[in-house]
Number of protein chains: 2
Amino acid sequence: MTDLSSCEGACAPVPAPDWIAVDWGTSALRAWAMGRDGRIHARAASGAGMGSLSRAEFEPALIALIGPWLETAAAPVPVIACGMVGARQGWQEAPYRSVPCAPLAGALARIAPQDPRFTMAVVPGLCQARPADVMRGEETQIAGFLVAEPEFDGTLCLPGTHTKWVHVSAGEIVSFQTCMTGETFALLSRHSVLRHSMPGEDWDGAAFADAVTDAMTAPQRFSARLFALRAETLLAGLVPGAARARLSGLLIGMELAATKPYWLGRDVVIVGAPGLAPLYAAALAGAGVAARTAASDGITLAGLARAWQGERR
Amino acid sequence: MTDLSSCEGACAPVPAPDWIAVDWGTSALRAWAMGRDGRIHARAASGAGMGSLSRAEFEPALIALIGPWLETAAAPVPVIACGMVGARQGWQEAPYRSVPCAPLAGALARIAPQDPRFTMAVVPGLCQARPADVMRGEETQIAGFLVAEPEFDGTLCLPGTHTKWVHVSAGEIVSFQTCMTGETFALLSRHSVLRHSMPGEDWDGAAFADAVTDAMTAPQRFSARLFALRAETLLAGLVPGAARARLSGLLIGMELAATKPYWLGRDVVIVGAPGLAPLYAAALAGAGVAARTAASDGITLAGLARAWQGERR
C-alpha cells in the first residue's frame, strides 16, 4: 500500500523533531522533520496519496514515513498537515472555510491518531459559494507565498491537474476559479482517439501559441477543433509534437477565455509546476499579460510553518 | 480472440448466400447472409472489432463468424464490408474519397483473403480537406438513408462516440463535421474527478436543457463550468442525475455552438443511436430547431445492399 521507494533519509533514526510538516495530496505524501530552529532535520516522501488509501490506511501510511522520527521523542510530536488528507474521502473531513478570508484564518482541524507518539492538525480547505468552488492544499501554498510577499495584490495562478486562479488582496483570498485543464489534457492525450496523433513528448511552441489564440478568439469552435487533430494527422501529415501542443493550446486557451476577470489588467504571478508554468506564461504573454513566475519549491513548507506558528500563539 | 457470444443463428449451416454484408466497426463486427431475393438468410455478430485486432487476426475473425455460411457455396461468395476494417489500423487501408461526392461514388477497395471461399470488397471512407475531417462507415449509413429519401436536402446528424454532422444535397455529401462529444463525455464522467459527482444512471432533463443553453450562450465559460459540478456536489448537494445531465448538456451545447452552420435554418434529421438521438433532439429543440429522428436500424444494411448493386452493374 505504501510506496517507500522515494524515502529520502527517513529510514534512519534522527533527533526528535520539534514538529512535523506534512503535504498530503491526492497522489503523494511528503513530510519534513522540523527543528526548533526552523531548520529541516529530515525529509521523506511516498506515493501513499489520498487517492490510493482507504480511511483505515491513512495512519499506517503516515507512520511508515515518519515513524523513525518519533522513536526518540519524549512527548507527542505535533504534525501539521495540508491537502486532500482533509477531504471527504480523506482521513477525516476538515470543514471548509468560506472566502473571502486569509488563507490560514481560523483554527486547524484536529484528527486523533491511535498512535500516542504524535498529535495531528489539518489546515482546512477553502470554499466559495458562487460560483461554487473548493480548494485543499493551495491555501497553504498561498499562505507560503504571502510570507515572502505579504503586500501582494493581484492574481496567483497555480497550474496543475486542477489549476487554480486566485484573486488575492490585503492578505486575503477574495475569490478563486478552478479549471480541470490538466486532467482533461491527460485524458484526451492518453485515452481518446487523439492519442494516436501524439505519441512521444515532442512539442511545437508555435503550434501551441496559435491554438491558444484560436481558442480564445473563437471558443464556440472548440468542439470542432478536437477531432481535426486526428484528421490532420491522417490527411495532412500533422506531426505528433504539433498535435500535442495544439491540444494543450486549445485547452489552455479555453481556460484563459473562462478566467479573463482573473488576469485582465491584473498583476499575475504563476506559482510553481516547472513543466506547466512556462506554458501558462507563454499563453498569457500571447494575451498581452506579462506574468511573473515564482518558484513553488518551499512555499508549501513555508505555509505549513506559518500554520504551526499560529498554533503556538 | 473472437467473441461469438452473440452469434445469432450463424452456427448451423445455411443455404449458400448470394453475398454477405459486413459492418466492421471499432468495437463490433456484424454480418448478414443475403439471399438472391434480397432477404436476410442469417445474421451474426461478435465483439471482434477493428480496435481489438492485429492485421493478421482480421481474416480468422471474419471466418469465425461467416464460416458456416461458406460451407455449401459452389463459388466464392462476395463479401461487401464497410467501417474501420478499411482504416490504416484495419485489415487493409481503403483510401479515402474526397467530398463533395455521392456517399458510394467510385469503386470499392479490394482485399484478397487467403481463404478461397470468399472475395472481399470494402466501401472507402470519405475525407474533407478543409476543415480536415474523415469518416468510415457513416458514408454507408448515409447511402442507406438516401435509399429511402433520395431527394433529401439538409443535414444528417449521426450521434455516437464521434458524432457526424453531414450536409447532404442532390444525392451528394457536400461537407461534414466530426465532434468527439461522446468520447469526451465517457472520459470525463468515468475517469475524471467528476466521476465522484455522477454515479449511477439518473438523469435530470431540465438540468440538461439549461446546460445546453448555458454552453451555447457563453461557450467562453466552458472551462469554468466543469469543476463547478464537483464543487456543487460538495457544497450544495448537487445530485448525481443533475450533475450527469449537466455535463452532457455542456458538451452537447458546445457541439451545437461549433456546428451552427449545419443546423441553423436547415432541415435536420437525427439518424440512429436510441440512447443519444433524444438528447440531440432535445438540445436542438432548445435552439429552436425541430429535428426529425430516423431509425438507424437497417440503414447500414441498406447502404451495403446499394454498394452490392453497384458492384453487379
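Chain letters run A, B, ... following the sequence lines, proteins first and then strands; every chain starts at 1. All figures in this text were calculated on a predicted structure; none of them were measured in a lab.
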Closest non-hydrogen atom pair, A/L188 against B/M180: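 What the structure gives for the nearest pair is CD2-CE, 4.1 Å.
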
Checking [X] against chain A: side chain, backbone, both or neither under 4.5 Å from a heavy atom?
| X | answer |
| --- | --- |
| B/R230 | side chain |
| B/L234 | both |
| B/R221 | both |
| B/Q177 | side chain |
| B/A228 | both |

Which one, B/H191, B/Q128, B/H162, leads in non-hydrogen pairs under 4.5 Å with chain A?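 Most heavy-atom pairs within the cutoff with chain A belong to B/H162.
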
Please rank B/L194, B/L256, B/L229, B/L238 by heavy-atom pairs under 4.5 Å with chain A and give me the top one.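 The answer is B/L194.
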
With side-chain contact (heavy atoms from CB on, under 4.5 Å) as the criterion, how do B/F227 and A/K164 come out once you've worked through the C-alpha distance, each side chain's angles and the decisive distance to 0.1 Å? CA-CA 11 Å; B/F227 189 76; A/K164 307 283 180 186; 4.2 Å; yes

Looking only at heavy atoms and a cut-off of under 4.5 Å, which of A/V193, A/T181, A/T259 has the most pairs with chain B?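 Highest number of heavy-atom pairs under 4.5 Å: A/V193.
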
Among the options A/A258, A/A231, A/P219, pick out the one with the most heavy-atom pairs lying under 4.5 Å from chain B.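 Most heavy-atom pairs within the cutoff with chain B belong to A/A258.
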
If I measure from the heavy atoms of chain B, does A/L226 come under 4.5 Å with its side chain, its backbone, both, or neither?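 For A/L226, the contact with chain B is made by backbone and side chain together.
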
Measure distances from A/Q89 to the heavy atoms of chain B and classify the residue's part below 4.5 Å as side chain, backbone, both or neither.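 Only the side chain of A/Q89 comes within 4.5 Å of chain B.
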
Assess whether atom CZ of B/R55 is packed by more than 12 heavy atoms of other residues, nucleotides or ligands within 6.0 Å.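 Above 12, so yes.
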
Over 12 foreign heavy atoms within 6.0 Å of CZ, A/R190: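 Atom CZ in A/R190 is not crowded, with 12 or fewer foreign heavy atoms closer than 6.0 Å.
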
Please round to the nearest 0.5 Å and tell me the distance separating atom [atom1] of [X] and atom [atom2] of [Y].
| X | Y | atom1 | atom2 | value |
| --- | --- | --- | --- | --- |
| B/M254 | A/S223 | CE | OG | 5.5 Å |
| B/L187 | A/E183 | CG | CD | 10.5 Å |
| B/E232 | A/D133 | CD | CG | 10.0 Å |

Describe, in one word, how the ring planes of A/F222 and B/F222 are oriented to each other, choosing from parallel (under 30°), tilted (30 to 60°) and perpendicular (over 60°).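 Ring orientation of A/F222 relative to B/F222: tilted.
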
